[in-house]
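Okay, so here's the structure we're looking at.
Whatever order the structure lists ligands and atoms in, that order sets their numbers, starting from 1. None of the values given here were measured: they were computed from a predicted structure. For the numbers below, each heavy atom of this structure counts, side chains included, while hydrogens, waters and symmetry mates do not.
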Amino acid sequence: MHSLARFALAGVFLLGGCRASDQANQAQPQAAEAAIAPILATPDAIDTHSYARPLEARVTHVALDLTVDFDTRRIAGTAALDVDRKPDAKEIVLDDNGLEIESVTDAGKHPLAFKVAAKDVNLGAPLIIALQPDTRRILITYKSAPDAPALLWLTPQQTAGKKAPFLFSQGESIENRSWIPTQDSPAVRQTWEATIHVPAGVTAVMSAPRIEQPLTQGGESVFNFRMDHSVASYMIAIAVGDLAFKPLGPRTGVWAEPPTIDAAARELSDTEKMVAAAEKLYGPYRWGRYDVIVLPPSYPLGGMENPTLTFLTPTFIAGDKSLVSLVAHELAHSWSGNLATNAVWNDFWLNEGMTTYAEGRIIEELYGKKAAAEHAALSIDAMNKAVAENGGPGGADTRLHLDLKGRHPDDGTSDIAYEKGAEFLRTIEANVGRDRFDAWLKGWFDRHAFQPVTSAMFLADIRQNLIKGDKALESKLMLDRWVYRPGVPPNLVRPPANTFAEQDRATTAFALRGAAPSAWADWNTEERLRFLNRLPRKLPESRLDALESAYDLNGASNMEIRFAWLDLAVSNRYDPALASLERFLTSQGRGKFVKPLIRALAEDESWGKPIAKRIYAEARPLYHPLVTRDLDKLKL
Ligand code: BES
Ligand code: ZN
């Protein structure tokens, strides 16, 4: 862009920025603001994964003006931070992971002294900025590092459309400090706005409403976004690429690369209904629009609940909506997680367990009781597996409230948080009755909207507003045991025992006699998964041949089924699945699928390891840092 045009543009956006910031501050409900300080002061809310000391000086608003540079793989520009501080605070501490900081000034452009202290491998480093007595706003000029862990830069070749490069970010849990210098703790909430410059021809979307029409001039497009609700920093997200949009309903729509957009829109046709179902359960959807973006195949997650714009893996597209519980899950986070947010990663279950519970309820509203019961039965299987994988019923990491000090928060993202958390809530529901539980849960979201929450707050709230002194109920629920002790308490309430009776009979019969059940054709995805996952992990080769020839599992286009099959195939060293396995591992990078398969191969020294070596070498450029960080540890 010509320097004159750039100057003119900068002027326009500077004005826009000031206005936005004023409005954002007005929109911030004072009561919610005032309620946060006492929460931050409780021992359970001390975040060992952030260097910030928010009780001394806290960031309340972030205004970004950033340029996305695909050539250098950097995001560069400025972050203007509004600071709420104690009058005698001498410094403010931000989180930083590999940022190249050029300068730090106050609002009047006077330099402020700053230093980046020693770096921790998990947490990054504290960025400590000296405050003058009157400093209320800080301007940081910086660049992200080319290997920033929050960002994945794809070449055109690595996208579905192969035309334009692609960038997306993943902030949760503590990765956003690698591209935004702010207080990166889920307990610290901030409103934010962003002006994003990208090369002309690509589109930028973020986890906030777009304000103003994008402007393209001189080879550059400029997009503006503003989030007036205060959010945790991990909820700030960006994606840039060749993106098309299709509306799904009045307040829902989908973004995707052009080759994916039609299939994505078809698969997502229930989205508007899901929002309505969630609102019926948990009160108004408070974020305005609910859009989703379907990312390129290397997206490392199933989904991520970025406010107003859920990020989704393309692997949920099965052609028959059989995997859309993923959307119900990310949507449910609009209440559990995005409204009431775990203050610290030790209480991750408050985000994920509540969401997994609510996901089941949305499924029930849309697809009926049978679907929900099957979902819940699979959840119990997943919980039991997670208990076994985390040291058994006595394992410290099988508690809901974790102690992750000294570890990466992602160590706490097991199915304990998701499934034991959901089972806890199902157990409470079964004991108090659905109507009472629903009223309590809706009230919980209202009482803690836009605020951090802890396990201790959860327990206090449930005692005050649900148990209300009922001693018999208190002892029936075993609340503290569920939250603070390992294993699964004996009052676990299970879905009806006959939920998968047919599949379980078929599993036993097949393991004994070996005829692939023909009822498979009538089974839904959950039923097929139950059957495959309950088969003995070691089977005669003829049984695997029978399955493959009856169901064409090597060619399964439902990625959950394909994964369940490949998992079984690897544990049986089943060579006829290898070509399918290689295609699967080199065509998508979802961590939930690729990590267990590559790990299982690697653990099989003589047969699997050479295969893992070869496939990982080919697949690694496709995978996200979140995934390679784990897989690199296998030293393949
Ligand atoms: N919030 C999570 C994703 C996440 C968790 C990112 C921890 C980083 C750290 C998201 O809502 C989620 O749970 N995604 C699941 C899918 C869901 C249906 C269980 C996933 O990606 O597999
Ligand atoms: Zn989730």
Side-chain angles (χ1 to χ4, degrees), residues 49 122 149-150 152 168-178 184 186 207 231-237 274 278 292-295 298-307 309-316 318 322-342 344-363 375-376 378-379 382-383 385-386 402 404 407-422 425 525-526 529 559-560 563 588-596 624-627 629-630:
H49 297 108
N122 289 328
L152 191 60
F168 64 85
S169 70
Q170 167 57 34
E172 193 181 16
S173 53
I174 56 168
E175 314 303 347
N176 264 353
R177 58 192 67 175
S178 67
D184 192 17
S207 52
V231 297
S233 57
Y234 76 81
M235 297 175 204
I236 305 178
M274 281 190 183
V292 307
I293 174 170
V294 177
L295 288 135
S298 57
Y299 187 62
L301 300 169
M304 177 64 211
E305 66 271 26
N306 297 313
L309 184 67
T310 281
F311 282 30
L312 293 177
T313 169
T315 64
F316 87 100
S322 60
L323 302 177
V324 294
S325 59
L326 172 67
V327 185
H329 178 99
E330 304 312 335
L331 169 65
H333 273 304
S334 306
W335 288 263
S336 42
N338 295 356
L339 279 188
T341 308
N342 53 212
V344 291
W345 299 112
N346 289 339
D347 282 330
F348 186 59
W349 80 274
L350 287 170
N351 275 17
E352 297 300 340
M354 280 212 178
T355 296
T356 304
Y357 169 82
E359 168 194 343
R361 295 296 304 278
I362 296 171
I363 299 291
H375 205 73
L378 291 181
S379 162
M383 171 180 71
K385 190 163 173 231
L402 293 170
L404 295 167
R407 293 191 274 166
H408 195 286
D410 289 0
D411 276 10
T413 60
S414 79
D415 270 346
I416 293 297
Y418 288 80
E419 310 296 356
K420 182 182 169 185
L425 299 180
T525 298
E526 282 73 21
L529 288 173
M559 293 304 207
E560 295 280 353
F563 170 73
Q588 53 79 37
R590 185 172 172 186
K592 173 184 159 182
F593 293 150
V594 304
K595 286 199 284 188
H624 189 277
L626 277 171
V627 173
R629 181 169 70 202
D630 280 5

If we ignore hydrogens and angles and just use 3.5 Å, is the side chain of Ser414 paired with the main-chain N or O of Ala386 as donor and acceptor? no
Who are the residue neighbours of ligand 1 when the rule is a heavy atom under 4.0 Å from any of its atoms? Gln170, Glu172, Leu301, Gly302, Gly303, Met304, Glu305, Leu326, His329, Glu330, His333, Phe348, Glu352, Asp410, Thr413, Tyr418
With no hydrogens and no angle check, do the side chains of His329 and Glu352 hold a donor and an acceptor under 3.5 Å apart? yes
Can you find a side-chain donor-acceptor pair between Asn342 and Asn351 that sits under 3.5 Å? yes
What's the shortest heavy-atom distance between Trp349 and Gly421, and which atoms? CE3-CA, 4.1 Å
Give me the ring orientation class for Phe348 and Tyr418: parallel if the planes are under 30° apart, tilted from 30 to 60°, perpendicular past 60°. perpendicular
Please check if any side-chain donor atom of Thr313 sits under 3.5 Å from a side-chain acceptor atom of Arg590, or the reverse. no
I need the NE2(His333)-the Zn ion (ligand 2)-NE2(His329) angle, rounded to 10 degrees. 100°
What are the two closest non-hydrogen atoms of Arg407 and His49, and how far apart are they? O-NE2, 2.9 Å
Atom name of the N, O or S atom of Glu352 nearest to the Zn ion (ligand 2) is OE1
